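Here the structure is laid out as structure tokens; the discussion comes afterwards.
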Amino acid sequence: METSNQLTGIILSTLDQLGITKEDSVVLYDTRGVLSSPRALFTFKAFGHPKAFVLNGGLPAWRAAGLSVDESYPTGEAVATGASGAYPLPSMDPSIIRSYEQMLENIKRDPGDAELVIDARPKARFMGSAPEPWEGLPSGHMPNSVSIPFTELLTTHEYPHDMEKLRQVLIDLLDPKERKGTGKAKGTEYLNAILRGEIPIVATCAIGMTACIIWLALHELRAFMHLDRGAEVNEGDGLMRIALYDESWTGYARRAESPIVVSAQ
């Protein structure tokens with residue numbers, strides 16, 4: 001796994017090669033729809049690029065709309081207008097990344113005071129009833145974490161066009177029921193508290209990629225709620241707090257000292 005300095009160097013080298021400046025708008029897409037592009041967006045945002053976006057539906061949606069596709073192989077020459085070396089040295093926002101040590105400390109807290117950990121892996125692997133795809137890596141989940149499989153937020157690898165549908169999916173999956181430390185809050189109240197920044201979130205998955213679908217979905221929904229449901233999320237609310245556990249399950253579960261829960265929510 002790259003260090004922060006190594007990652008900064010890789011990103012800066014790539015941006016320079018492509019001739020991208022900090023003033024450029026960057027649209028990110030992938031060949032599956034919405035799968036790896038949210039991770040790329042998270043990286044751009046973590047390094048402070050102000051105008052970066054994901055194309056909803058990615059290349060499949062673009063093709064389905066009958067839009068033109070360039071099938072020539074990239075030459076490696078700069079594709080944007082900036083000159084090489086024009087991008088300033090980026091610095092990563094440390095507040096949106098969690099380390100293994102921070103995750104262990106979070107587990108020790110009372111659930112009502114801890115950051116809520118949302119796991120994007122398939123439910124069976126979260127429960128420990130299906131194996132991980134890596135030999136020797138146990139399945140299961142971190143204590144007090146919540147399962148929201150990333151596939152539940154997508155419609156044929158797109159976010160649902162109807163934000164109300166996305167909202168309802170999250171309400172159903174976040175309903176705390178009898179979860180300790182949550183009181184009697186229902187799913188609606190719980191989601192609104194997350195969007196208002198009252199409940200901090202850490203997104204995780206297997207390798208730090210699909211967790212960013214959770215990250216993006218919550219940001220998209222907050223924007224929708226702010227515009228269209230101002231009585232629930234408005235300008236007076238704090239910023240939503242959501243971080244990424246970058247190494248995710250492959251880093252957590254390979255350590256013998258990591259507490260792992262099996263066959264429980």
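Nothing here was measured: the structure is a model prediction, and the numbers come from that model. Numbering starts at 1 and runs along the sequence shown.
- Of the possible polar contacts, one joining the Trp62 side chain to the Ser68 backbone as a donor-acceptor pair under 3.5 Å is found.
- With sequence neighbours left out, the salt bridge (charged side-chain N to carboxylate O under 4.0 Å, His left out) criterion links Glu115 to Arg98.
- Residues satisfying the salt bridge (charged side-chain N to carboxylate O under 4.0 Å, His left out) test with Arg125, not counting sequence neighbours, are Glu132.
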Q: Before giving the answer on side chain to side chain contact (heavy atoms under 4.5 Å, CB included), spell out for Phe47 and Leu12 the whole-Å C-alpha distance, their side-chain angles and the decisive distance to 0.1 Å.
A: CA-CA 10 Å; Phe47 282 92; Leu12 189 59; over 6 Å; no

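- One distance of note links OG1 of Thr210 with CG of Asp119; it measures 8.0 Å at 0.5 Å rounding.
- The two residues Val34 and Ile213 come nearest to each other via the heavy atoms O-CD1, 3.7 Å.
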Q. Are Arg255 and Glu247 close enough, and set up right, to give a salt bridge (Lys or Arg N to Asp or Glu O under 4.0 Å), and what steps lead you there?
A. CA-CA 12 Å; Arg255 295 178 171 94; Glu247 67 174 6; 2.6 Å; yes

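- Taking the ring axis of Phe224 as reference, the NZ or CZ atom of Arg167 does not stay both within 45° of it and closer than 6.0 Å to the ring centre.
- In this structure, the separation between CD1 on Ile194 and CG on Leu170 is 8.0 Å, given to the nearest 0.5 Å.
- Counting only N and O atoms by type, the side chains of Asn106 and Gln102 include no donor and acceptor under 3.5 Å apart.
- Taking 4.5 Å as the limit, every side-chain heavy atom of Ile260 sits out of range of all side-chain heavy atoms of Met142.
- Residues Leu116 and Val202 fail the side-chain proximity criterion, which asks for heavy atoms closer than 4.5 Å.
- Here OG1 of Thr204 is found 10.5 Å from CD1 of Ile214. Values are rounded to the nearest 0.5 Å.
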**Q.** Derivation of the side chain to side chain contact (heavy atoms under 4.5 Å, CB included) call for Lys51 and Val26
**A.** CA-CA 6 Å; Lys51 294 184 289 185; Val26 176; over 6 Å; no

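- One distance of note links OH of Tyr190 with CD of Glu198; it measures 12.0 Å at 0.5 Å rounding.
- Taking both residues in full, the closest heavy atoms of Gly112 and Asp110 are given as N-OD1, 2.8 Å, listed atom of the first, atom of the second, then distance.
- Atom CD of Glu135 sits in a sparse spot, with 12 or fewer heavy atoms from other residues, nucleotides or ligands closer than 6.0 Å.
- Put simply, the side chain of Thr14 gets close to the backbone of Ile10: a donor and an acceptor are under 3.5 Å apart.
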Q: Please lay out, stage by stage, how Ile96 and Asp93 fare under the test side chain to side chain contact (heavy atoms under 4.5 Å, CB included).
A: CA-CA 6 Å; Ile96 59 174; Asp93 179 0; 4.0 Å; yes

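- Residues Phe44 and Ile11 fail the side-chain proximity criterion, which asks for heavy atoms closer than 4.5 Å.
- Among all heavy-atom pairs drawn from Ala211 and Cys205, the shortest one is N-SG, 3.3 Å.
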Q: Check the pair Tyr245 / Ser99 against side chain to side chain donor-acceptor pair (under 3.5 Å), numbers first and verdict last.
A: CA-CA 6 Å; Tyr245 176 35; Ser99 67; over 6 Å; no

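- The OG atom of Ser139 sits 7.5 Å away from the CZ atom of Arg121 when rounded to the nearest 0.5 Å.
- Of all the heavy atoms in Leu166 and Ala217, the pair that sits closest is CD2-O, 4.0 Å.
- Hydrophobic clustering of Ile, Leu, Val, Met, Phe, Trp and Tyr side chains at less than 4.5 Å, counting indirect connections, keeps Tyr29 apart from Trp215.
- We find the CZ-CE distance between Arg222 and Met163 to be 15.0 Å, quoted to the nearest 0.5 Å.
- Proximity of Pro143 to Val117: side-chain heavy atoms (C-beta onward) are nowhere separated by under 4.5 Å.
- If you check the side chains of Asp24 and Thr21, you find a donor sitting under 3.5 Å from an acceptor.
- For the pair Asp246 and Arg39, the salt-bridge criterion is met [side-chain N within less than 4.0 Å of a carboxylate O].
- His49 and Tyr87 are linked by a side-chain donor-acceptor pair at a separation below 3.5 angstrom, with hydrogens and angles left out of the test.
- When all heavy atoms of Met225 and Leu195 are compared, the pair lying nearest together is CG-CD1, 3.7 Å.
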Q | Evaluation steps, side chain to side chain contact (heavy atoms under 4.5 Å, CB included), between Ser37 and Val54 | A | CA-CA 6 Å; Ser37 52; Val54 161; 3.7 Å; yes

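- At a threshold of 4.5 Å between non-hydrogen side-chain atoms, the residues Phe42 and Ile97 count as touching.
- When all heavy atoms of Val262 and Gly140 are compared, the closest pair comes out as CG2-CA, 4.4 Å.
- Proximity of Leu244 to Cys212: side-chain heavy atoms (C-beta onward) are separated by under 4.5 Å at one or more points.
- Under a hydrophobic clustering in which Ile, Leu, Val, Met, Phe, Trp and Tyr are joined whenever their side-chain heavy atoms come within less than 4.5 Å, directly or via other members, Leu55 and Leu18 fall into different clusters.
- Val27 and Leu59 end up in the same hydrophobic cluster when Ile, Leu, Val, Met, Phe, Trp and Tyr side chains are linked at under 4.5 Å.
- Under the 4.5 Å side-chain criterion, counting only non-hydrogen atoms from C-beta, Leu174 is in contact with Ile148.
- Partners of Glu23 under the salt bridge (charged side-chain N to carboxylate O under 4.0 Å, His left out) rule, at least two apart in sequence or in another chain, do not exist in this structure.
- With a 4.5 Å cut-off on side-chain heavy atoms, Trp134 and Thr250 count as touching.
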